[in-house]
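For reference, the structure is listed below as C-alpha cells.
Please read all numbers here as calculations on a predicted model, not as lab measurements. Reminder, nothing fancy here: chain letters follow the sequence lines and each chain counts from 1.
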Protein chains: 4
Amino acid sequence: MFEQEEMLIQQLFDEEKLTEKQGKILLAAIESFSEKGYASTSTSEIAKKAGVAEGTIFRHYKTKKDLLMAIVTPIMAKVIGPYIVNDFDKVLNQQYDRIEDFLRAAIDNRRNVIKKLLPVVKIMLQEIPFQPELREQFIDLIAKNLFGRVSNIIEDYQKKGQIIDIPPASVARLMITSVMGYLFSRYILFPDALWDDELETERTIQFIMNGLGKRE
Amino acid sequence: MFEQEEMLIQQLFDEEKLTEKQGKILLAAIESFSEKGYASTSTSEIAKKAGVAEGTIFRHYKTKKDLLMAIVTPIMAKVIGPYIVNDFDKVLNQQYDRIEDFLRAAIDNRRNVIKKLLPVVKIMLQEIPFQPELREQFIDLIAKNLFGRVSNIIEDYQKKGQIIDIPPASVARLMITSVMGYLFSRYILFPDALWDDELETERTIQFIMNGLGKRE
Amino acid sequence: MFEQEEMLIQQLFDEEKLTEKQGKILLAAIESFSEKGYASTSTSEIAKKAGVAEGTIFRHYKTKKDLLMAIVTPIMAKVIGPYIVNDFDKVLNQQYDRIEDFLRAAIDNRRNVIKKLLPVVKIMLQEIPFQPELREQFIDLIAKNLFGRVSNIIEDYQKKGQIIDIPPASVARLMITSVMGYLFSRYILFPDALWDDELETERTIQFIMNGLGKRE
Amino acid sequence: MFEQEEMLIQQLFDEEKLTEKQGKILLAAIESFSEKGYASTSTSEIAKKAGVAEGTIFRHYKTKKDLLMAIVTPIMAKVIGPYIVNDFDKVLNQQYDRIEDFLRAAIDNRRNVIKKLLPVVKIMLQEIPFQPELREQFIDLIAKNLFGRVSNIIEDYQKKGQIIDIPPASVARLMITSVMGYLFSRYILFPDALWDDELETERTIQFIMNGLGKRE
DNA sequence: CATGAATGAGACTTCATTCAT
DNA sequence: AATGAATGAAGTCTCATTCAT
C-alpha cells in the first residue's frame with residue numbers, strides 16, 4: 001500500500017479500527033468503483049485487486065451496497081461537513097473581512113483534499129442519482145447546510161454593502177456553482193490540461209467578485 | 001405512448017425509419033437507463049416495459065451497448081451540435097450585437113429542449129466517464145467545437161472592448177460553467193423547487209456580464 | 001423419460017402446458033428433493049440431472065422455492081382434494097351403506113395413486129413444518145375440509161347407530177390416524193418389508209370397526 | 001437459560017460433563033434446528049443465539065453433523081430406549097395385569113417428557129430420512145427393539161386370551177400407530193387446539209382395546 | 001479453552017445473447 | 001420481423017471450517 005493511499009484511508013476512516021485487509025478492500029473498491037462505476041465492478045474483481053478472498057469482503061460489509069456506503073458516507077460527513085462548518089464559521093466570526101479572502105482561502109485549502117479524495121468524490125457524484133439514501137444525505141448537506149450557511153454570510157455582506165441586493169439564495173447559487181464549476185473543470189473534466197492553479201483561482205474569484213460585488 | 005414522448009423520439013431519431021416497436025424500445029430504454037443507470041438496467045426489463053419480446057431488442061440493436069449508443073449519440077450530434085452551429089453562427093454573423101442578447105436567446109430557447117431531453121442528457125452525463133467512445137465524442141464536441149467557437153466569439157467581443165482581457169479559454173470556462181451551473185441547479189439538483197425562470201435567467205446573465213464585462 | 005414418470009408428471013401438472021425441459025426439471029427436482037431434502041438439494045444438481053442449463057430452471061421458476069411450490073401445491077389441490085370430494089361425496093350420497101365398505105374403497109383405490117406420488121408426498125410432509133404457506137394450505141385442507149366432511153359422515157352413521165357416541169372430532173381423529181398410520185407404515189417406514197396388502201387393509205378396517213363400531 | 005430448558009439439557013446430556021457454553025450451544029442448536037430445519041440453520045446463527053464465538057462450536061463438535069448427532073443420538077439411546085426397557089419390562093413382569101393399564105401408564109407418564117423433548121423429537125423425525133446413520137439407529141431401535149418387545153408382550157396377552165389372534169406384528173403396528181397418531185395430533189398437528197388430555201387418552205385406549213381386544 | 005478474521009467452495013440468481021420456430 | 005425458450009458465464013452472497021492469537 002502506498003503512503004499516499006494509506007493517508008487517504010486514514011483520513012476517511014480513521015476513527016474506526018480497520019483490519020489490514022479491510023483497508024485493502026476499501027482501497028481496491030475505491031479504485032475500481034471510480035474507474036468502472038459501482039454497478040460495473042464485481043466483488044470478485046475487488047477481492048482479486050485487494051488480494052483477499054471474496055468471502056472476506058462480505059464478512060466486513062454485508063452487501064456490496066454496504067461497501068459503497070462505507071466509502072461514500074464518510075466523505076459527506078467528514079469532508080464536506082467540516083468544510084462547511086470550519087471555514088464558514090471563520091467567515092461568520094469575521095475572520096475574513098472581505099469575501100474574496102474567504103473564497104481564496106476556501107478554494108486553496110481544499111484543493112489538496114479534493115485532489116486526494118477525487119476518486120471518492122467521483123464515486124459519490126456518480127451514485128447520488130441512484131442511491132436514494134445518498135441523495136437524501138447530499139440534499140440535506142448541500143441544500144440545508146451549505147446553502148443555509150452561505151445565505152447567512154451573504155446577508156451579512158449585503159448589509160455591509162459588499163454584495164448586490166438580490167435574494168441570498170440566488171447569490172449563493174451563483175457563487176457555489178462558479179467555484180464548483182472551476183473545481184469540476186479542473187479535476188474532473190480536464191485533469192490532464194496544464195493549469196496555472198493560482199492564476200485560475202484568482203480569475204475565478206475576480207469573476208465572482210465582479211459579478212456580485214457592489215460598486216459605488 | 002404520450003404525445004410528448006413521441007415528439008422526443010421524433011426529435012432525436014426522426015431521420016431514421018423507426019418501426020413502432022423500435023420507438024417503444026427506445027423510450028423504454030431511455031426511461032430505465034435514466035432512472036436506474038445503464039449498467040443496472042436489464043434488457044429483459046426494457047423488453048417488458050416496451051411490450052416486446054426479449055429477442056426483438058437484439059434484432060434492432062446487436063448489443064445492449066449499441067442500444068445505449070443509439071440513444072446517446074444523436075444527442076451529441078443533433079442537439080448539442082446544432083446548438084453550437086446554429087446559434088453561435090448567428091452570433092458570429094453579428095446577429096446579436098451584445099453578448100447578453102446571445103446568452104439570453106441561447107438559454108431561453110434551449111430550456112424547453114433540455115427539459116424534454118433531460119433523461120437522455122442524464123444518461124449521457126452518467127456514461128461519459130465509462131464509455132471511451134462517448135468520452136471521445138464528447139471531448140471532441142465540447143473541447144474542440146464548443147470551446148473553439150466560443151473562444152472565437154470571445155476574441156471578437158474582446159476586440160470590440162466588451163469583454164475583459166483574460167485568455168479566451170478562461171472566459172469560456174467561466175461563461176459555460178455559469179450557464180451549465182444554472183441549468184444543472186434548475187433541472188437536475190432542485191427540479192422541484194419553485195423557480196422564476198425569467199428572473200433567474202436574467203440574474204445569471206447579469207452575473208456573467210458583470211463578471212466578465214469591461215467597464216469604462 | 002420413462003412412461004411411468006411421464007404419467008406422474010401429467011397427473012400432477014396436466015392442465016398447464018409444460019415444455020419438455022420443464023417436465024424434466026420437475027422430475028429431477030422431485031427425485032432430488034425426496035432423496036436429499038429440499039434444503040440440501042442444489043439447483044445446479046437439479047439442472048445436471050435434468051440435462052438442462054441452470055438458468056433454464058429460473059426461467060420457469062423464479063426461485064428455488066417457487067419450484068418447490070410448483071411441485072407440492074398440486075398434490076394438495078389435485079390429489080388430496082379430489083380424494084376428499086369424490087369419495088366422501090359418494091359416502092354422503094349413501095353409496096356405501098356400511099362404513100367399512102367406504103374405508104375399503106378409499107384405501108384400495110388410493111394405494112396406487114399414493115404409491116406413484118410417494119416422492120411428492122414425502123417432500124410435502126418434509127416441508128410442511130418449514131414453509132408457512134404449505135402449512136396453511138395443509139391445515140386448511142386437513143383441518144377444515146377433511147375433518148369437517150368426515151365429521152359430517154360420522155354424525156350420520158352415529159344417527160344410524162353404527163358408530164359409538166363420542167364426539168365426531170374424536171372419532172374422526174381415530175379413524176384418520178389409523179388409516180394414515182397404515183399407509184405411513186406401509187409406504188414410508190417399511191416400504192421394503194413384505195406386505196400382504198389385502199389382508200392388512202382388511203385388518204385395519206376391522207380394527208377401526210371394532211374400535212368404533214356399536215355392538216348391540 | 002430458563003429452568004425448564006436447563007432440565008431438558010440435563011435430562012438429555014447429564015452424564016457427560018458439559019461446560020456452560022456447550023450447554024448454550026446445544027440449546028441454541030435445538031431451537032434453531034427444530035424451527036428451521038437442520039440444513040437451513042447456519043452454524044453462525046447458532047453461535048450468535050448461544051452467545052459464543054463461531055469457532056467455539058467447532059472446538060466441541062468437529063462438524064455441524066456431529067452437533068446434530070450429539071443432539072439426536074441421546075434421544076434414541078436415553079429416551080426411547082428406557083421407555084422401552086423400563087416400562088415394558090414392568091409389563092413383562094406382570095406389573096400391569098391388563099393392557100389398558102399399561103397403555104394408560106405409558107401414555108400418561110410420557111406426555112410430559114414428550115412435550116419437553118418435542119423439539120428434539122421433531123429434529124429426529126425430520127432428519128431420519130436423510131441421515132443414514134440415524135436411520136439405522138432408528139430402525140434398529142423401533143423395528144428390532146420396540147416391535148420385538150411389544151410383539152412378545154402381545155403374544156403373552158394373546159395366550160391369556162385378552163387380544164385377538166392376528167399376527168403380533170400387525171397388532172403392534174395398530175397399537176403403536178394409534179398411540180403415535182394421538183401424540184402426533186396432540187403435539188405436532190394441532191398443539192394449539194384445546195385438548196382434554198385425560199379424556200382423549202381414555203378414548204384412545206378404549207379404541208385400541210375395542211379394536212384389538214377379544215370378547216367372549 | 002475461546003475467539004473471530006479469513007477462507008474458498010459452492011449456493012442461488014441474473015442477464016445478455018442466440019436461435020429454432 | 002417477431003418471439004420467447006434456452007443458454008452458460010458471471011454475479012452476489014452464504015457457510016462450514018481453520019487457525020493465529
_Can you work out whether A:A53 or D:T19 has the more 5'-proximal nearest nucleotide on DNA chain E?_
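This one resolves to D:T19.
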_Rounded distance in Å between the P positions of F:dT21 and E:dC1_ =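 Pairwise P distance, F:dT21 against E:dC1, rounds to 23 Å.
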*Could you identify which residues of residues 33-50 of chain C place a heavy atom less than 4.0 Å from some atom of DNA chain F, listed by residue number, or say none?*
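The stretch gives none, as no residue of it lies under 4.0 Å from the strand.
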*Worked verdict on B:I123 versus B:Y38 for side chain to side chain contact (heavy atoms under 4.5 Å, CB included)*: CA-CA 7 Å; B:I123 297 170; B:Y38 167 73; 5.6 Å; no
*asked:* Between C1' on F:dC15 and CG on D:L68, what's the gap in Å once rounded to a whole number?
replied: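 One finds 17 Å between C1' of F:dC15 and CG of D:L68, rounded.
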*E:dC12 C1' sits how many Å from C:I25 CD1, rounded?*
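Spelled out: CD1 on C:I25 to C1' on E:dC12 is 15 Å.
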_If you compare all heavy atoms of B:M124 against all heavy atoms of B:F138, which two are closest, and at what distance to 0.1 Å?_
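Taking every non-hydrogen atom into account, CE-CE1, 4.3 Å.
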*Determine, for D:K65 against D:E133, whether the closest basic-nitrogen to carboxylate-oxygen distance falls under 4.0 angstrom.*
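Not counted as a salt bridge, because no side-chain N and carboxylate O are separated by less than 4.0 Å.
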*If you measure from the Lys or Arg side-chain nitrogens to the Asp or Glu carboxylate oxygens, is any gap between B:E127 and B:R135 under 4.0 Å?*
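Between B:R135 and B:E127 there is no salt bridge, as every charged N stays at least 4.0 Å from the carboxylate O atoms.
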Does any N or O in the side chain of [X] come within less than 3.5 Å of the main-chain N or O of [Y], such that one atom is a donor and the other an acceptor?
X	Y	answer
B:T41	B:G37	yes
A:Q22	A:T19	yes
C:T73	C:M69	yes

*Given pairs defined as Watson-Crick or G-U wobble with both distances under 3.5 Å, what dot-bracket annotation applies to DNA chain F, with ( ) intrastrand, [ ] crossing, | other strand and . unpaired?*
.||||||||||||||||||||
*Quick one, which residues of residues 54-66 of chain A touch DNA chain E with a heavy atom under 4.0 Å?*
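Under 4.0 Å from DNA chain E: A:G55, A:T56, A:R59, A:H60.
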_Under 3.5 Å, is there a donor on one side chain and an acceptor on the other for A:S32 and A:K49?_
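A:S32 vs A:K49: donor-acceptor pair found between side chains.
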*Does the side chain of B:E54 come under 3.5 Å of the side chain of B:S44 through a donor N or O and an acceptor N or O?*
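No, because no side-chain N or O of B:E54 sits under 3.5 Å from a partner of the opposite role on B:S44.
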*With rounding to the nearest 0.5 Å, note down the distance linking CD1 in C:I25 to CD1 in C:I46.*
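Answer for the CD1-CD1 pair, C:I25 versus C:I46, is 9.0 Å.
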